[in-house]
Each structure stands twice: as C-alpha cells, then as structure tokens.
Amino acid sequence: MKNLNVLLVDDEIMIREGFKRLFDWESHGCTVVGEAADGMEALGKIDSLVPDIVIMDINIPIMNGLKVIQTARIKHPQMAFVIVSGYDDFSYCQQALRMQITDYILKPVNYEEFGTCIDNLKIALYEKRISREETNGEQFEGGERNIAGITRFMQEHLSEEINLAVLSEEFHLSSQYISQLFRSEIGVSFLAYLTNLRMENAKKILLSTSLSIAEVAEKSGYADYRVFTKMFRKNEGITPSQFRREFLQNQNVNWQN
C-alpha cells in the first residue's frame, strides 16, 4: 500500500512542528506533504496537493476549520479530515460528526491515541475503496483479492472467534502470509483491523438498539463484557454506557442498560 499524503493545518507553528517531529508518520504509512496556517491557505493547499488526509484545527484565522472542510468537500468528497482542537465543546464535535469527520482529537495531543486514529482512518479508506471497486464491478487480483475475501469473512463472522489460525484454516493460507497481507494491502496489523471492526460494530449497536452492554459485547465478538468495556474505553476514551448515554441524551432518547 502506498503511503498516504497528509496536510497539517494549524495557525501555531509549534503545533505543526510537534506533529512532524513527535509522531512517527512513516511507521503509520503516511507522509506529510504540506502545511497551512489559516483557512484560505488550507483551501489552496488542499486543491494543489490533494492530500489523502487533512489534520485540521478548528480555530484558525480567516476561515475556521469546519468551514474549510465544508467547502473542500464540494470538490474533494473522498478526502479524509481529522479535527484537532483545544475546544472541549460537544457542539463542535456534533458539527464535525454531521460532516462525517473521521475523528475529533483534543489538544494536547496524545500521540499513541493519534496513532490509533490514523490506523482507523486507513482502515476506513481501505473499506471505502473496496466498496467502490465492488460497486464498479472491478476485479481484484493477487493479494487484494485475498485480503478482500478475508475482511469480508471477518465482517460476516464478527460475533464468532476470529484469529489468524481460524483465517489460515478457512482460506488455506499461512498465518504469516495473512498477517503480511494486512500490512501490505491495508497498512495496519491484523489485530488493529479486528479491533477497529469490533469497535465500529459495537458503536452502531449501541446507538441503534437497546441491547445490554453484555449483549453488545457478545455481538461484537467479546465473550466477557468486562474485557469489551476495557477495550472500548481504551479505544474511545469512555465506557460503552457513557458513549450511548452522551449521544442518545442529545437526541432525547431514553434507553436503560
């Protein structure tokens, strides 16, 4: 998989330098190709560089980050945006989510959490590409065909036990080869992909059903809801119950766990 190109947008040069120096972009399969200090400069760089990912502060001069994203989406609907802001304000988060922002990260940035965000973004971009190619009737070849079949199998059997040994037996491929496929075709580890799949599935269930946390855990592949809750909190920063409550209270939905 080719490196993804990244544009950094923040009016503070120290923040941009911090991103470039303190985060290992190469190990996450990314390359920083440009930076911008205000909204108008950001739009110009987005049009000229057409990056795969834009890391965007909300509070930037001339045009705020959300307006930049709204404008850029018209010409670049497939571009991915990650909001990074010092504003711990749920209304900003709501706006960002409505605009299909991949993630919303608060300053000061935890670079380990940011790495998880980038890996999850790569997974989302991969799945969009596969979906687009399937819709267009394109034929997969070699490793891409193998990984497409493996990821589809994982999605369809998410509530069951899934590990490299299971996939090896199902697809008659070595565990090592399958592990390498995730790195080469998607750019993340097998475990990172599986965890992302389970967390995204859990969030959908939490927001669309009144199932108990234990039932959500089971449907997401966790036999022990306590392990699920710990993993969810590690990845999302809050517990499954808090996630459901914060979002559904805003929609005036009252579900009891």
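Treat the numbers as computed from the prediction; the structure is a model and nothing was measured.
- With Ser168 contributing its side chain and Leu173 its backbone, the two residues share a donor-acceptor pair below 3.5 Å.
- Residues that satisfy the ring-ring contact (aromatic ring centres under 6.0 Å, His included) test with Phe228, not counting sequence neighbours, are Tyr222, Phe232.
- Side-chain contact between Ser241 and Arg245: present, with at least one pair of heavy atoms (C-beta onward) separated by less than 4.5 Å.
- Under 4.0 Å is where a charged nitrogen must lie from a carboxylate oxygen, and between Glu138 and Arg129 no such pair does.
- How far CE of Met231 is from CZ of Arg198: 9.0 Å, rounded to the nearest 0.5 Å.
- Within the 4.5 Å cutoff, no side-chain heavy atoms of Val109 are placed close to those of Phe23.
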Show me the donor-acceptor pairs, under 3.5 Å and distance only, between side chains in residues 178-192 and residues at least two apart or in other chains.
residue	atom	partner	partner atom	Å
Ser184	OG	Gln180	O	3.1
Ser184	OG	Leu181	O	3.4
Ser189	OG	Ala192	N	3.0

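- A salt bridge does not link Lys122 with Asp52: none of the charged nitrogens is closer than 4.0 Å to a carboxylate oxygen.
- Here His76 pairs with nothing under the ring-ring contact (aromatic ring centres under 6.0 Å, His included) rule; sequence neighbours left out.
- Glu218 contributes atom CD, which lies 7.5 Å from atom CD of Glu215 (distance to the nearest 0.5 angstrom).
- Residues Val54 and Val9 have side chains in contact (heavy-atom distance under 4.5 Å, counting atoms from C-beta outward).
- In terms of hydrophobic clustering, with Ile, Leu, Val, Met, Phe, Trp and Tyr side chains grouped at heavy-atom distances under 4.5 Å, Tyr225 and Ile205 are assigned to different clusters.
- The shortest side-chain heavy-atom distance between Ile69 and Ile83 falls under the 4.5 Å cut-off.
- A continuous path of Ile, Leu, Val, Met, Phe, Trp and Tyr side chains, each step under 4.5 Å between heavy atoms, connects Ile55 with Ile105, placing both in one hydrophobic cluster.
- Nearest heavy atom pair, residue Phe140 against residue Arg145, reads CB-CA, 3.5 Å.
- Scanning both residues, Gly65 and Ile60, for their nearest heavy atoms gives N-CG1, 3.8 Å.
- Annotation: side chain of Asp10 is in contact with side chain of Lys107 (closest heavy-atom distance under 4.5 Å).
- With values rounded to the nearest 0.5 angstrom, Thr195 atom OG1 is found 8.0 Å from Lys234 atom NZ.
- Rounded to the nearest 0.5 angstrom, Glu127 CD and Arg152 CZ are separated by 11.5 Å.
- Between the CG atom in Asn235 and the CG atom in Asn120 there is a gap of 7.0 Å [rounded to 0.5 Å].
- Hydrophobic clustering, with ILVMFWY side chains joined whenever heavy atoms are under 4.5 angstrom apart, groups Leu7 together with Leu66.
- Annotation for Cys30 and Val6: closest pair CB-CG2, 3.9 Å, computed over non-hydrogen atoms.
- Gly34 approaches Leu49 most closely through the heavy-atom pair CA-CD1, 4.0 Å.
- Remark: the backbone N or O of Arg132 is paired with a side-chain donor or acceptor of Asn136 at under 3.5 angstrom.
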query = How far apart are the C-alpha atoms of Asp57 and Asp11, what are their side-chain angles, what is the distance that settles it, and do they pass the side-chain contact (heavy atoms from CB on, under 4.5 Å) test?
reply = CA-CA 8 Å; Asp57 188 14; Asp11 61 325; 4.0 Å; yes

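- In this structure a side-chain-to-backbone donor-acceptor pair under 3.5 Å is missing from Asn201 to Leu197.
- Side-chain atoms of Arg233 do not come within 3.5 Å of backbone N or O of Thr239 as any donor-acceptor pair.
- Hydrophobic clustering (ILVMFWY, side-chain heavy atoms < 4.5 Å, transitive): Leu43 and Ile74 are in distinct clusters.
- In this structure, Lys203 NZ and Ser208 OG are separated by 13.0 Å, a value rounded to the nearest 0.5 Å.
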query = Could you go step by step and tell me if Arg73 and Gln78 meet the side-chain contact (heavy atoms from CB on, under 4.5 Å) rule?
reply = CA-CA 8 Å; Arg73 281 245 188 258; Gln78 302 300 324; over 6 Å; no

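- For the pair Arg244 (side chain) and Thr209 (backbone), a donor-acceptor distance under 3.5 Å is present.
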key: Steps toward side-chain contact (heavy atoms from CB on, under 4.5 Å) verdict (Met56, Val82)   = CA-CA 6 Å; Met56 173 87 67; Val82 176; over 6 Å; no

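- Considering only heavy atoms from C-beta on, Lys67 comes within 4.5 Å of Thr71 through its side chain.
- In the hydrophobic clustering of ILVMFWY residues, with side-chain heavy atoms under 4.5 Å counting as a link, Leu125 and Ile147 come out apart.
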task = Please report the C-alpha distance between Asn5 and Ile53 in whole Å, then the side-chain angles of each, then the deciding distance to 0.1 Å, and finally whether the side-chain contact (heavy atoms from CB on, under 4.5 Å) criterion is met.
result = CA-CA 6 Å; Asn5 291 332; Ile53 306 169; over 6 Å; no

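- Cluster partners of Met14 are Ile13, counting Ile, Leu, Val, Met, Phe, Trp and Tyr whose side-chain heavy atoms approach within less than 4.5 Å, directly or via other members.
- No side-chain N or O of Ser131 forms a donor-acceptor pair with one of Glu134 less than 3.5 Å apart.
- Evaluation of the side chain to side chain donor-acceptor pair (under 3.5 Å) test over residues 18-46, restricted to residues two or more places apart or in two chains, returns Asn3-Glu26, Asn3-Thr31, Arg16-Glu35, Glu17-Lys20, Glu17-Arg21, Lys20-Glu35, Asp24-Ser27, His28-Asp119.
- Side-chain contact between Met79 and Phe81: present, with at least one pair of heavy atoms (C-beta onward) separated by less than 4.5 Å.
- For the ring-ring contact (aromatic ring centres under 6.0 Å, His included) test, residues two or more places apart in sequence or in another chain that qualify with Phe171 are Phe153.
- Glu133 has its side chain out of reach of Gln139: every pair of non-hydrogen atoms, C-beta onward, lies at least 4.5 Å apart.
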